[in-house]
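Worth saying up front: this structure is predicted, and the values here are computed from it rather than measured. Residue indices begin at 1 and follow the sequence shown. Remember, it's 1-based here, ligands and their atoms both numbered in the order they're listed.
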Amino acid sequence: MPKQQVFRGNFFHAPKYGEIALLAQYLLVVDEAGIITAVLSPTAPNYVSVLAAAKTAGTLHDFGEQLVLPGFVDLHIHAPQWPQAGVALDAPLNVWLDQCTFPLEAKYRDLAFAQSVYTDLVAHLLSLGTTTAVYFATQDLAASLTLAKVAAQAGQRALVGKVAMDNPDQTPQDYRDRSSAAAVADTETFILETRQLAQDAPQGVYPVVTPRFVPSCSSATLKGLGELADKYHTYIQSHCSEGEWEHHAVQVRFGRRDAEVLANFGLLGHKAIMAHCNFLNESDAALFAKSGTAIAHCPISNAYFANGVLPVHRLKQAGVEIGLGSDISGGFSPSLYDNLKQAVISSRMLTDGVDVTRPVAERGVANSRISVAQAFYLATRGGGKAVNLPLGQFKVGQICDFQVLDPKQPANQLPGLNLFPQPLDQLAKLLYLATPANIMQVWVQGSRVK
Ligand SMILES: [Zn+2]
């Protein structure tokens with residue numbers, strides 16, 4: 001990467017939740033570490049001189065009339081489940097896990113298989129504009145390290161967890177940690193080896209302490225993992241209060257709510273990301289907000305497995321950080337474009353309700369709608385906040401991750417662009433109608449990866 005690069009284009013971002021800004025023909029100045037050091041409007045006094053200097057130095061990237069969005073942050077992906085995306089979505093969650101998911105995940109002990117699937121998945125996600133991904137790998141240590149290596153080498157920013165799962169009542173005999181001590185020791189090795197790997201990955205590869213979810217872990221493992229996260233100040237991820245079954249199982253086992261159990265084991269905090277969280281009540285939400293724990297909202301997956309719709313609006317009001325997750329393969333689509341659309345659609349159905357035999361006033365949950373601008377924030381800055389990194393906006397000090405879209409690509413020319421020139425309309429068109437054919441370039445930390 002050259003010492004300094006300059007990018008010119010039409011940049012869309014969400015400066016605040018629900019707000020959209022178009023920085024038309026702005027210049028982004030980016031240093032050799034991939035950090036934005038200046039954002040210049042065409043009326044800035046040094047715009048012309050910076051532009052001319054970059055042209056002379058050969059460090060100008062001019063995107064013309066194409067549209068530039070921040071890279072998307074996917075907060076929840078089960079990388080090993082990529083081959084079964086779209087399969088078995090009619091089964092209940094526990095059946096889906098036992099009959100499809102666990103047997104597939106067990107195959108990743110074959111590292112050649114792991115390498116080939118992970119290489120395909122990471123390339124696919126990058127091509128869809130997902131520049132940061134928070135991954136569950138598998139129970140197997142070596143295969144989990146393979147995922148971290150593949151993402152690091154492909155230039156994607158990755159937060160990766162070796163999955164801990166040792167509870168014999170909830171995990172298959174041939175796919176579980178052989179003991180609590182082994183689950184914790186392998187997690188510690190994973191943390192140390194991933195940190196080694198990170199030295200050659202300027203965009204960042206981070207270890208994540210990953211109890212699969214409370215039901216699949218013994219109490220000793222949950223305790224040991226909480227202690228590891230504290231010792232190494234790592235990220236933490238798990239699932240929390242996803243559906244009726246899980247939420248109830250934790251209540252029966254501990255006599256407490258899922259969020260409380262995670263908190264008691266030291267598994268919530270400002271570097272913790274919990275998937276789903278559909279059944280959080282007010283006190284759980286307060287616990288999340290106070291501890292800085294973020295929610296990975298996975299709206300497509302939730303429509304299949306969650307028995308409910310995440311009340312995004314209510315949880316945002318309670319001060320909880322929220323971003324989006326594809327939840328491959330509980331969700332069938334790896335695209336955050338698809339997931340942000342579904343977040344809007346699901347919120348509309350939550351507001352209006354779905355059973356037309358009930359009176360209008362009792363059918364839905366008032367004030368639950370979110371807008372496409374709000375969903376765009378969740379996919380960008382919301383995700384950045386969830387992982388505590390300066391991601392998701394075009395501002396000084398932010399990491400330079402973005403995707404360049406051409407709405408006029410012959411393979412998918414978006415309709416009515418000239419009739420709807422307002423920035424929000426243009427952005428909404430992109431978010432609703434763009435396909436991979438429109439995503440021309442993807443950059444992570446100032447380096448081109450697509
Ligand atoms: Zn999940």
Self-check item: Listed partners of Asp327 passing salt bridge (Lys or Arg N to Asp or Glu O under 4.0 Å), at least two apart
Solution: none
Quiz item: In His78, which N, O or S atom comes closest to the Zn ion (ligand 1)?
Solution: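 The Zn ion (ligand 1) is closest to the His78 atom NE2, counting only N, O or S.
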Quiz item: If we ignore angles and hydrogens, is there a donor and acceptor under 3.5 Å between the side chains of Gln237 and Thr210?
Solution: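 There is such a pair between these side chains.
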Quiz prompt | Steps toward salt bridge (charged side-chain N to carboxylate O under 4.0 Å, His left out) verdict (Asp177, Lys162) | solution = CA-CA 11 Å; Asp177 291 298; Lys162 170 241 166 314; 3.0 Å; yes
Quiz item: Would His239 count as a contact for the Zn ion (ligand 1), in the sense that one of its N, O or S atoms lies under 2.8 Å from it?
Solution: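 Checking the Zn ion (ligand 1) against His239, an N, O or S atom does fall under 2.8 Å.
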Quiz item: Would you say His76 reaches the Zn ion (ligand 1) with an N/O/S atom under 2.8 Å?
Solution: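 Short answer: yes, at least one N, O or S atom is under the cut-off.
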Exercise. Tell me, please, which residues at least two apart from Asn281 pass side-chain contact (heavy atoms from CB on, under 4.5 Å).
Key: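 Testing Asn281 for side-chain contact (heavy atoms from CB on, under 4.5 Å), a comparison that skips the adjacent residues, returns Arg257, Ser283, Asp284.
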